[in-house]
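Reading through the structure tokens given below for one structure.
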Amino acid sequence: MLGKLGAKGIVGLLALVAGIAVIALQNIIIAAGMALVVVGFVLTAWGLVSGLLGSFGMGAMMGGGFE
């Protein structure tokens, strides 16, 4: 998976984790909420992209979602 992200994707992922860690130093509940928001956003984007690719007959390209 990390190979598909590229260098910018890995740096972005590290920045995301570091940001949530900094917030967790102040308040763990807020950090957990922000982590859930990020996960929800990613799952929503995944669903939209897999639906779009599925409408073009390329739905299997997303790595076999939750269906």
Side-chain angles (χ1 to χ4, degrees):
M1 180 184 97
L2 292 177
K4 292 182 180 181
L5 281 176
K8 289 181 185 178
I10 292 172
V11 170
L13 187 63
L14 289 175
L16 177 70
V17 170
I20 291 177
V22 168
I23 294 168
L25 290 174
Q26 291 297 316
N27 191 333
I28 192 73
I29 302 296
I30 293 174
M34 290 188 71
L36 286 174
V37 168
V38 169
V39 169
F41 178 73
V42 168
L43 290 176
T44 302
W46 186 344
L48 289 172
V49 170
S50 64
L52 179 67
L53 289 177
S55 69
F56 290 120
M58 299 181 289
M61 294 180 69
M62 288 299 290
F66 296 109
E67 293 92 30

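When reading the values below, keep in mind they use all heavy atoms of this one structure, side chains included, and skip hydrogens, waters and symmetry mates. Residue indices begin at 1 and follow the sequence shown.
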_All side-chain contact (heavy atoms from CB on, under 4.5 Å) counterparts of Ala24, not counting sequence neighbours_ = Ile28, Ala31

_Other ILVMFWY residues reachable from Leu25 by side-chain steps of under 4.5 Å_ = none

*Atom pair CE/CG of Met34 and Asn27 - distance to nearest 0.5 Å*: 11.5 Å

*Atom CG in Leu13, atom CD1 in Ile10: separation rounded to 0.5 Å?*
8.0 Å

*Output the rest of the hydrophobic cluster of Leu36: all Ile, Leu, Val, Met, Phe, Trp and Tyr residues reachable through side-chain heavy-atom contacts under 4.5 Å, sorted by chain and number.*
none

_Val17: hydrophobic cluster co-members (side-chain, 4.5 Å)_ = none

